[in-house]
Amino acid sequence: MLESLELHSRLLTNYSSAILPRMSPDEPCIVDYGLALMQIIEVDTVELALEIVIWSRMNWKDPRIDWNPEDYGGVKTISFKLNEIFLPDVTFYEALAMEELAKEYMTVLAFPGGQMRWNNPRILRTTCEMNVRNYPFDEHVCVVTAGSWGFDTSDIDVWPYQGI
């Protein structure tokens with residue numbers, strides 16, 4: 001436990017969550033992003049909207065968060081509060097509304113080598129093109145596009161997460 005506290009303190013010394021983590025100045029921060037559908041709350045055929053509960057998953061690398069587990073009593077994972085470290089600003093461009101659930105309990109897990117992981121539940125209300133001519137036997141494909149809101153792809157590049 002003491003090793004984890006010491007490591008946490010060392011990793012955050014001179015760390016700024018406002019600075020984009022990059023492996024080199026000319027490479028973007030690669031974010032692997034995925035989601036799992038947990039529940040359909042509402043399909044609104046009048047407003048052409050879909051409201052769902054999703055489990056959002058992000059992985060990225062922050063080279064400033066690195067350590068050798070042998071130097072810290074074998075510590076192989078450490079957690080950070082959301083406001084302590086850089087978080088990619090990945091959102092859905094088609095979103096009408098989005099609510100993060102249990103945000104006050106969320107942490108980001110860090111692993112040696114700077115690998116970061118953040119899993120969080122969200123409620124997403126998004127636009128969805130619908131054709132209800134064959135109701136109730138119609139099918140809908142709702143497309144959501146995930147990407148950084150404040151950075152372009154030269155800074156943050158979002159890729160599909162293959163682990164889901």
Side-chain angles (χ1 to χ4, degrees), residues 11-12 15-65 77-111 113-164:
L11 291 172
L12 292 180
Y15 184 96
S16 172
S17 62
I19 304 298
L20 189 67
R22 295 177 185 258
M23 300 307 289
S24 70
D26 59 338
E27 290 183 39
C29 174
I30 303 294
V31 178
D32 294 325
Y33 185 85
L35 63 86
L37 176 64
M38 305 307 290
Q39 178 184 1
I40 297 173
I41 298 172
E42 178 185 18
V43 177
D44 187 334
T45 58
V46 175
E47 297 290 324
L48 301 178
L50 174 69
E51 188 168 5
I52 54 178
V53 177
I54 59 170
W55 191 257
S56 177
R57 298 172 181 166
M58 275 194 277
N59 289 332
W60 69 97
K61 196 163 192 169
D62 190 332
R64 301 167 295 174
I65 305 292
T77 307
I78 193 160
S79 62
F80 294 94
K81 293 178 183 175
L82 300 184
N83 64 350
E84 291 181 311
I85 52 105
F86 173 85
L87 276 180
D89 65 338
V90 176
T91 191
F92 298 101
Y93 299 140
E94 300 84 1
L96 299 171
M98 191 161 40
E99 175 187 354
E100 298 199 34
L101 303 175
K103 191 170 184 174
E104 64 273 14
Y105 304 111
M106 292 288 135
T107 59
V108 175
L109 295 179
F111 303 90
Q115 192 62 41
M116 311 297 285
R117 180 185 306 148
W118 182 34
N119 299 334
N120 66 316
R122 295 176 171 185
I123 294 176
L124 170 65
R125 184 168 179 84
T126 184
T127 59
C128 184
E129 291 297 319
M130 297 182 205
N131 182 342
V132 293
R133 268 188 303 232
N134 298 322
Y135 182 83
F137 303 107
D138 43 279
E139 294 181 14
H140 310 290
V141 176
C142 302
V143 176
V144 291
T145 310
S148 171
W149 190 255
F151 297 94
D152 65 29
T153 56
S154 67
D155 293 319
I156 294 179
D157 202 1
V158 179
W159 288 84
Y161 179 57
Q162 301 300 319
I164 295 179

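If you read the sequence from its start, that first residue is 1, and numbering goes on from there. Excluded from the calculations below are hydrogen atoms, water molecules and symmetry mates; all remaining heavy atoms, backbone and side chain alike, are included.
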field: Side-chain heavy atoms of P121 within contact of M38, under 4.5 Å
entry: no

task: First locate atom NZ of K81, then atom CG of L12, and finally report the distance between them rounded to the nearest 0.5 Å.
output: 11.0 Å

query: Excluding sequence neighbours, so at least two apart, what forms side chain to side chain contact (heavy atoms under 4.5 Å, CB included) with M23?
result: E27, K61, P63

query: Could you give all pairs that pass the ring-ring contact (aromatic ring centres under 6.0 Å, His included) test and reach residues 86-109, with sequence neighbours left out?
result: Y33-F92

query: Looking at P21 and W60, what are the two nearest heavy atoms and their distance?
result: CG-CD1, 4.3 Å

field: Distance-minimising heavy-atom pair for V90 and A146
entry: CG1-CB, 4.0 Å

field: CD1-CD1 distance between I52 and I40, expressed to the nearest 0.5 angstrom
entry: 7.5 Å

Side chain to side chain contact (heavy atoms under 4.5 Å, CB included) partner of M116, the single match among D62, L87, L109: D62

task: Might you point out which heavy atoms bring N131 and H140 nearest each other, and give the distance in Å?
output: O-CE1, 3.6 Å

- prompt: Of all residues at least two apart in sequence or in a different chain, which pass the side chain to side chain donor-acceptor pair (under 3.5 Å) check with S16?
  reply: none

task: Check the side chains of D157 and W159 for a donor-acceptor pair under 3.5 angstrom, ignoring hydrogens and angles.
output: yes

Partner set under salt bridge (Lys or Arg N to Asp or Glu O under 4.0 Å) for E42, not counting sequence neighbours: R125

field: Distance, nearest 0.5 Å, that separates OG of S154 from CG of D152
entry: 3.5 Å

message: Can you confirm whether M98 is buried at CE, in the sense that more than 12 heavy atoms of other residues, nucleotides or ligands lie under 6.0 Å from that atom?
response: yes

query: For I85 and Y15, which heavy atoms make the closest approach, and how far apart are they?
result: CA-CE2, 3.6 Å

message: Please enumerate all residues that pass side chain to side chain donor-acceptor pair (under 3.5 Å) together with S148, with sequence neighbours excluded.
response: D89

- prompt: Considering residues at least two apart in sequence or located in another chain, which fulfil the side chain to side chain contact (heavy atoms under 4.5 Å, CB included) criterion with T126?
  reply: L50, E94, L124, V144

- prompt: Can you name the nearest heavy-atom pair linking C29 to L20, along with the distance?
  reply: CB-CD1, 4.4 Å

Partner residues of E100 under the salt bridge (Lys or Arg N to Asp or Glu O under 4.0 Å) criterion, sequence neighbours left out: R122

- request: Using the test side chain to side chain contact (heavy atoms under 4.5 Å, CB included), find all partners of E99 that sit at least two apart in sequence or belong to another chain.
  value: L101, I123

query: Partners of E47 by side chain to side chain donor-acceptor pair (under 3.5 Å), sequence neighbours excluded?
result: none

Test item: L48 and T127 side chains (from C-beta on) under 4.5 Å apart, heavy atoms: no

message: Can you give me the closest heavy-atom contact between M130 and D44, atom names plus distance?
response: CE-O, 3.7 Å

message: Restricting to side chain to side chain contact (heavy atoms under 4.5 Å, CB included), what partner residues turn up for T107, sequence neighbours left out?
response: S79

field: Residues which pass side chain to side chain donor-acceptor pair (under 3.5 Å) with R22, listed by chain and number, not counting sequence neighbours
entry: D155

- prompt: disulfide (SG to SG under 2.5 Å): which pairs involve residues 118-148, sequence neighbours left out?
  reply: C128-C142

